[in-house]
4 protein chains.
Amino acid sequence: MKMSSGKASSEKQRAARLPQRKRGRERVASLLAAAASCFLDKGYDAATMTEIAERAGASIGSLYLFFPTKQALARSLLSNLADELSGRLEAMKAATAGRSAAAIADALFDALNGFIAANPVYSLLIDVTGDERWRQVVRAQRRRQIADLFARAEPPLGARQAQRLAVIVPHFMRISLLQGEAGSPSREAILEELRLMLRRHLESGG
Amino acid sequence: MKMSSGKASSEKQRAARLPQRKRGRERVASLLAAAASCFLDKGYDAATMTEIAERAGASIGSLYLFFPTKQALARSLLSNLADELSGRLEAMKAATAGRSAAAIADALFDALNGFIAANPVYSLLIDVTGDERWRQVVRAQRRRQIADLFARAEPPLGARQAQRLAVIVPHFMRISLLQGEAGSPSREAILEELRLMLRRHLESGG
Amino acid sequence: MKMSSGKASSEKQRAARLPQRKRGRERVASLLAAAASCFLDKGYDAATMTEIAERAGASIGSLYLFFPTKQALARSLLSNLADELSGRLEAMKAATAGRSAAAIADALFDALNGFIAANPVYSLLIDVTGDERWRQVVRAQRRRQIADLFARAEPPLGARQAQRLAVIVPHFMRISLLQGEAGSPSREAILEELRLMLRRHLESGG
Amino acid sequence: MKMSSGKASSEKQRAARLPQRKRGRERVASLLAAAASCFLDKGYDAATMTEIAERAGASIGSLYLFFPTKQALARSLLSNLADELSGRLEAMKAATAGRSAAAIADALFDALNGFIAANPVYSLLIDVTGDERWRQVVRAQRRRQIADLFARAEPPLGARQAQRLAVIVPHFMRISLLQGEAGSPSREAILEELRLMLRRHLESGG
DNA sequence: CATGAATGAGTTTTCATTCAT
DNA sequence: GATGAATGAAAACTCATTCAT
């Protein structure tokens, strides 16, 4: 059964087992890495559990030992990445509190852009395919964090607008998903234009 | 192999037989409508040819009579929609030539927004899943048309910037794909903010 | 598309996974046996993967676990048989070197006849249906081996004629494919006549 | 349902309708020609009724108007060819009566070889695929005619041997089915060797 | 923990044949 | 007679998941 952006419900809830020994932790890491590269290369649906296991140099049985379903695997992957990003955003809080919205936006641009460049599968899993329900949860958390960042700007932004920016800025990053199309402006040029556009907007008072 | 955003190539070439009788033309229309609704509900991968045929009240054989593969079906659907949008953009040419870039952007917002609201499956097929190669072709054409629109602005925009706007404005519309998430600002509010941001940007000289 | 003696080419390359456990090796053997009997009973095209699996007491998934396509299954089968025959021919080399062409032909008759009687599906797969390209490869190897046998005759045969005999003698065996037709002379009677004809021919100097 | 050399039984017996008008006769001829070329190119199973109709420039409905099933189409084709060959063999009767068996064999070689060169699909349908039952009937008739030819040789051949030759000589012609394999002696060279072999055999008293 | 064999429901696709116009 | 739309059973093949060793 293929359920890409499917809205299925009654799920298996047994969470991914946490490995106790070092060997196990390494295995889990290599499985997650294999999943990331496979999802990225083929897309969520076309990636098969068998190939993921193969890429990790593990057996299919081993894969299922740690991740009870394909969805759970994708969730784990996204969770890990989301946690890492969350940490970075958290770290920005202190650094950006009291600065201008434009400055915050700028810093956010850099943070998100760097993160996605290093973890492109994050964009895929949070924005495009996989378990819709889970993606919403993760997006909501990210939205909250980013809105928080903007909420601490000086001069202050309305809560509403902080919310909107928390949707808009990540959405700007999704532009990265359009891979090198011939004849199209480069991703960097586009991002710079968006960055400028946003700065001006915020400097004009939002 | 299920290839959502797969990068496969070698295709089956038996062309979609075009219907010659009225009955056939009606069938094709209802099949396309069923495909649109099914893709939208389930996503490209999870939508099955069987269900599409069922929704159209046709047999699976009938579906394959006119569309030799699932990909061909998606292509037909996207082609039709892209043609319609193309027509609308063409029509805008006369109406917007000589106007300000901001005004053109505004009109484009309305046109794209209206089109996508009426044909949400367009966003899915052109931006998210299906046949990557084909999507690029269709996007390239749209980019060309929109760049053309901006190129005729008065005062004039640089060709480069027109190109960038031709990527940016449609990308803004993709925001629509995030369906009603609880706690998130409404799609309309976001779009209005983006519209304002863009207008200011263009009025400040791009 | 069903391609019996079809001339198609581009193939799926996921190799037949070789079994690593005893259980798997037994499965593969029973699957090959089922395939042989099924091909023989129904012909290559009419034999279905489902029925082959059933005859082997396996599930369709098991069949595809070891043989990724119907063609690969037929190839494996033919390869195995060709290897066995190849071994027998190799063994004849020592035994026949230096003997007369007629004696070699006689021995070859016996060897081929015995082999085909024990493995009738060999004739089907090498001469009649299945993957044309592969069949040619296998036939070419057999031709080389048989020509080799004749090339060592005493008094010597020309290389050209050895080549021709290497086509002719196996072709004589194909007669076996005409199964018991009422009113027709028996296969054995025909083969004996052909054997005599060939011996005389060779004794007359080829 | 694919039934290549299948042994199916309960058949539809409505014979191919004989067209009354000239237009109809032309259509039938072009359908048969299309079938011949299609069977030859793709093999019996892989040839589709739709493609045959297309090649004849007719609609699928038209094809079924004259030939109620695919089998009936193949039968018609084979029947026609068999009838033509039968005529030629009949004509040989007078010309060869009283001549030596070797001379008759020689003449037969030429006749069969010429016929098959002109109608290669005959070999396919009588020897390889299609309706097994029907093929046996046609082969039996051919066997009878050829045995008849040899039975009138002078000095006389035994009835048994005439029967055997009636199997052997057509079988020699089947060699033509191995199409141009690289490294293999030419079909002509092989046929000449077989012809010589047979002549010697018959001259030595069979 | 590890492994890889086993499963079978589900998917895309094909094609001989029928039938309404 | 012609046509082409319609049908649906059946085929090849996939893959998430389970389980015995």
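A note on names: the letters A, B, ... follow the listed sequences, proteins ahead of strands, and every chain is numbered from 1. Hydrogens, waters and symmetry mates play no part in the numbers below; they use all other heavy atoms, side chains included.
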Whole-Å distance separating the [atom1] atom of [X] from the [atom2] atom of [N]:
X: A/F67; N: F/dT17; atom1: CZ; atom2: P; answer: 14 Å
X: C/K42; N: F/dA12; atom1: NZ; atom2: P; answer: 11 Å
X: D/L31; N: F/dA2; atom1: CG; atom2: C1'; answer: 12 Å
X: C/E26; N: E/dG4; atom1: CD; atom2: P; answer: 17 Å
X: C/E54; N: F/dA12; atom1: CD; atom2: P; answer: 12 Å
X: B/Y44; N: E/dT12; atom1: OH; atom2: C1'; answer: 11 Å
X: A/K70; N: F/dT18; atom1: NZ; atom2: P; answer: 15 Å
X: D/M49; N: E/dC15; atom1: CE; atom2: C1'; answer: 10 Å

Write down the atom of [X], the atom of [Y], and the distance for their closest heavy-atom approach.
X: D/F67; Y: D/A72; value: CD2-O, 4.4 Å
X: D/R135; Y: D/D127; value: NH2-O, 3.2 Å
X: A/S30; Y: A/A56; value: O-CB, 3.7 Å
X: B/S79; Y: B/W134; value: OG-CZ2, 3.2 Å
X: C/A74; Y: C/Y44; value: CB-CE1, 3.5 Å

May I ask you to verify if any side-chain N or O of A/Y64 is less than 4.0 angstrom from the OP1 or OP2 atom of F/dT17? yes
Residues in side chain to side chain donor-acceptor pair (under 3.5 Å) with A/S37, at least two apart? A/R55
How would you list all residue pairs meeting salt bridge (Lys or Arg N to Asp or Glu O under 4.0 Å) that involve residues 25-35 of chain B, not counting sequence neighbours? none
Which letters describe nucleotides 3-8 of chain F, given B = protein heavy atom under 4.0 Å from base, S = only from sugar-phosphate, - = neither? BBBBBB
Using Watson-Crick and G-U wobble pairs whose two distances are both under 3.5 Å, how do you write the pairing of DNA chain E as dot-bracket, with | for links to another strand? .||||||||||||||||||||
Nearest 0.5 angstrom please: D/K42 NZ to D/L124 CG, how far? 14.0 Å
Set of residues satisfying side chain to side chain contact (heavy atoms under 4.5 Å, CB included) with respect to C/A35, sequence neighbours excluded: C/F39, C/I52, C/L73, C/L77
